[in-house]
Amino acid sequence: MALSEFRPLDEKSLIEYIKATPSLSSKIGDRYDDLEIKEVGDGNLNFVYVVVGASGSFVIKQALPYIRCIGEAWPMTKERAYFEAVALKEHGGLCPEHVPELYHFDRTMSLIGMRYLEPPHIILRKGLIAGIEYPFLAEHMSEYMAKTLFFTSLLYRSTTEHKRAVAEFCGNEELCRHTGKVVFSDPYKVSEYNCWTSPYLDHDAEAVREDNKLKLEVAELKSKFCERAQALIHGDLHTGSVMVTHDSTQVIDPEFAFYGPMGFDIGAFIGNLILAFFAQNGHADQGNDRKIYKEWILKTIEDTWNLFHQKFSALWDEHKDGSGEAYLPAIYNNPELQKLIVEKYMKELFHDTLGFGAAKMIRRIVGVAHVEDFESIREASIRADCERRALELAKTLLKKRREFLSIAEVISAVRHVQS
C-alpha cells in the first residue's frame, strides 16, 4: 500500500492497510472476519499492534514523530523505523535463530511488519521480575552478540564495506544524540526529565552530579560512543529488548542501531542483568527469598561474558586469514603476535563493557526512563535501598573498570555490595 504521507494508524485503518499490502495480507490468508488486532506497545516510543488471523499472525510497529511516553513536547524522528528495519535484516541474516523475521517495511509510514513472537514468549525483564530461570539465555545472547558484532566489524569486513555501512547508519544521528544525552549527560547535571526515588535518593543523585572522577570517566565513554564505529550495534540492548521462553531467545527493537563501540551492547545487557539482581530483594517474600534466583542471575552474567569471549575469539580465529582489514595477515601472521592482539583487544572490550554497562545502570536510577525491575517495588524505602546498592556498584565499575581482570572479579564486587 503506497501512501504519499505519514499518518498514525489505529485498529480500523490498520485493517485497510493490511488489505492493500500483499506481504502482510498473505500472512493471514486474506481473511479479515475473524482478525484480532491488539495494541500492546508498553515501551517509550512506538505504537505496536499484534495482528492474529485464522491462518497466521504478525506484529506491526509504527514509529511516531515524538517520544510516546512523554508526548509531542519531546520530538523524535520517525526515520528511526528505517534504521530498525535495516538492522533487523542485517542482524537477522547473521543470527536468524535469535532475530525475528522482517516481513514488510514502509518508509513513508515508518511502519514495520515482522514475525509475531507468540506466547509463551514474554519480555525478559518481566520474566526476571517474576523470578523465572532461562537456562539457555547466556548461550543464546552470547551467540547473538558474537555474530552480530564480529561480522559487522573490520575484523571480518574490508575497509570499503565497513565505511559504506557506517555512512548509511550515520543517518540515525538523532537517536544517537538522544542516547548520548540521557546516558552520558543528563544524570550528571540538573535536567528537566531526571527523576529518582525521592527523598531517599536525593543525596545519592546529588553525589553523582558532584563526582568529578565519575564525570571524567563518563566523558571518555561518551567520546568512544560518539566516535568509535566498531560494529553495527543494537544500541538499546537491555532486558526489555529481548523476548524469551524456556528455550527461545529473540532480540527485538533495534531502532537505536548504528555503528558504535561493541562494549555498548554487551554492557547494556550485562548492566541490566545486574540491575535485575539488585532488584530481587524488593521482590522477595516469605515464600521465596530469591536467594537461589539471585545466584542464577550471577551465573548468567558470568556465563554471558565468558561464552561471548569464547565465541567471538573463535570467529576471529576462523576468519583471521579472510578479508577483514583490521589486522592484515601479511603483517600479523606470527602466532605469538596474534595471541597478544586478541588478548589486548578482548581486554579493552571487557573494560568498555563494564564502563558502558555502569553508565546505563546509573542512567536508569537517577536519569530518565527507569526500569520496571525497580519501579514495580511498591515500598519506596525498599526500592531505594535496592537502587542505592546498584548505584554504588555502578560507580565503582565505571571509575575502576580497568582494575577488573575478569568477570569473576565483577561478580565478587556485586556480592560485596549486596552483603
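What you see is a predicted model, and the numbers here were worked out from it, not measured in a lab.
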Heavy-atom donor-acceptor pair, Glu39 side chain to Val48 backbone, under 3.5 Å: yes
Glu220/Glu217 under side-chain contact (heavy atoms from CB on, under 4.5 Å): CA gap, chis, key distance, verdict: CA-CA 5 Å; Glu220 181 179 324; Glu217 296 298 336; 4.1 Å; yes
NZ/NE/NH1/NH2 to OD/OE distance under 4.0 Å, Glu101 and Lys27: no
Nearest non-hydrogen partners of Asn194 and Gly367, listed with the distance: OD1-CA, 3.5 Å
Residue pair Leu94 / Phe151: nearest heavy atoms and the distance that separates them: CD2-CB, 3.6 Å
Lys/Arg N to Asp/Glu carboxylate O, Lys147 vs Glu143, below 4.0 Å: yes
Short side-chain donor-acceptor distance under 3.5 Å, Thr148 and His234: no
Closest contact, heavy atoms only, Ser313 versus Met346: OG-CG, 4.2 Å
Shortest non-hydrogen contact between Leu337 and Ile331, atoms and distance: CD2-O, 4.0 Å
Side-chain heavy atoms of His416 within contact of Glu392, under 4.5 Å: no
Tyr156 atom OH, over 12 foreign heavy atoms within 6.0 Å: no
Approximate separation, where rounding is to 0.5 Å, of Leu128 CG and Thr300 OG1: 8.5 Å
Salt-bridge contact Asp236-Lys360 (side-chain N to carboxylate O under 4.0 Å): yes
Parallel, tilted or perpendicular, as decided by the 30° and 60° cut-offs, for the rings of His104 and Tyr17: perpendicular
Ionic contact status for Glu174 with Arg80, cut-off 4.0 Å: no
Pro135 and His246, any side-chain heavy atoms less than 4.5 Å apart: yes
Aromatic plane relationship, His309 with Trp305 - under 30° parallel, 30 to 60° tilted, over 60° perpendicular: perpendicular
N-O pairing of Glu295 and Arg415 below 4.0 Å: yes
ring-ring contact (aromatic ring centres under 6.0 Å, His included) partner of Phe150, chosen from Phe308, Phe312, Tyr345: Phe312
Plane angle bin for Phe256 and His178 - parallel if under 30°, tilted between 30 and 60°, otherwise perpendicular: tilted
Salt-bridge present (Arg107, Glu79; N to O < 4.0 Å): yes
Ring-ring centroid check Phe258 Phe169, cutoff 6.0 Å: no
Arg209 side chain to Pro187 backbone, donor-acceptor under 3.5 Å: no
Any Ile266 side-chain heavy atom under 4.5 Å of Asp352 side chain: no
Side chain to side chain donor-acceptor pair (under 3.5 Å): pairs with one or both residues in residues 260-288, sequence neighbours excluded: Arg125-Asn272, Gln280-Arg290, Asn281-Lys294
Steps toward side-chain contact (heavy atoms from CB on, under 4.5 Å) verdict (Val342, Asp317): CA-CA 9 Å; Val342 173; Asp317 184 63; over 6 Å; no
Distance (rounded to the nearest 0.5 Å) between His319 NE2 and Leu155 CG: 11.0 Å
Heavy-atom closest pair, residues Glu302 and Ala408: OE2-CB, 3.7 Å
Check: Arg401 side chain, Leu398 main-chain N or O, donor-acceptor pair, under 3.5 Å: yes
Test item: Ser55 side-chain N/O and Ile28 main-chain N/O as donor-acceptor pair under 3.5 Å: yes
Minimum side-chain heavy-atom gap Leu117-Ile252 below 4.5 Å: yes
Aromatic plane relationship, Tyr332 with Tyr327 - under 30° parallel, 30 to 60° tilted, over 60° perpendicular: perpendicular
Side-chain donor-acceptor contact under 3.5 Å, Glu387 with Thr197: yes
Test side-chain contact (heavy atoms from CB on, under 4.5 Å) applied to Leu201 and Leu391, step by step: CA-CA 10 Å; Leu201 296 185; Leu391 185 60; 5.8 Å; no
Glu168 versus Tyr82, side-chain donor and acceptor atoms under 3.5 Å: yes
Test item: Leu216 and Asn212 side chains (from C-beta on) under 4.5 Å apart, heavy atoms: no
Backbone N/O of Glu161 and side chain of Arg164: donor-acceptor pair under 3.5 Å: no
Heavy atoms from other residues, nucleotides or ligands near NZ of Lys291 exceed 12 (cutoff 6.0 Å): no
Residues, nucleotides or ligands: over 12 heavy atoms within 6.0 Å of Leu328 CG: yes
Distance-only polar pair, side chains of Tyr259 and His162, donor-acceptor under 3.5 Å: no
Note: Glu139-Lys311 ion pair, threshold 4.0 Å (strictly below): yes
Asn46/Asp253 under side-chain contact (heavy atoms from CB on, under 4.5 Å): CA gap, chis, key distance, verdict: CA-CA 10 Å; Asn46 310 290; Asp253 295 347; 5.9 Å; no
Distance, nearest 0.5 Å, that separates CE of Met141 from OG1 of Thr249: 7.5 Å
Check: Trp196 and Ile365 side chains under 4.5 Å, non-hydrogen atoms: no
Non-hydrogen atoms of Val59 and Arg115 that approach each other most closely: CG2-O, 4.2 Å
Point-to-point distance, once rounded to the nearest 0.5 Å, from CZ of Phe374 to CG of Leu275: 5.0 Å
Side-chain H-bond candidate by donor/acceptor type, Ser223 with Glu227, under 3.5 Å: yes
Aromatic ring pairing Phe356/Phe264, orientation class (parallel under 30°, perpendicular over 60°, tilted between): perpendicular
Whether Ser241 side chain and Leu237 backbone form a donor-acceptor pair below 3.5 Å: no
Gap separating the CZ atom of Phe136 from the NE2 atom of His98, nearest 0.5 angstrom: 11.0 Å
Interatomic spacing from CG in Leu88 to CZ in Phe105 - rounded to 0.5 Å: 10.5 Å
Any donor-acceptor N/O pair, Tyr188 side chain to Val208 backbone, under 3.5 Å: no
Ionic contact status for Asp211 with Lys215, cut-off 4.0 Å: no
Exceeds 12 heavy-atom contacts within 6.0 angstrom, atom CD of Glu118: yes
Atom NZ of Lys299 with >12 non-hydrogen neighbours under 6.0 angstrom: no
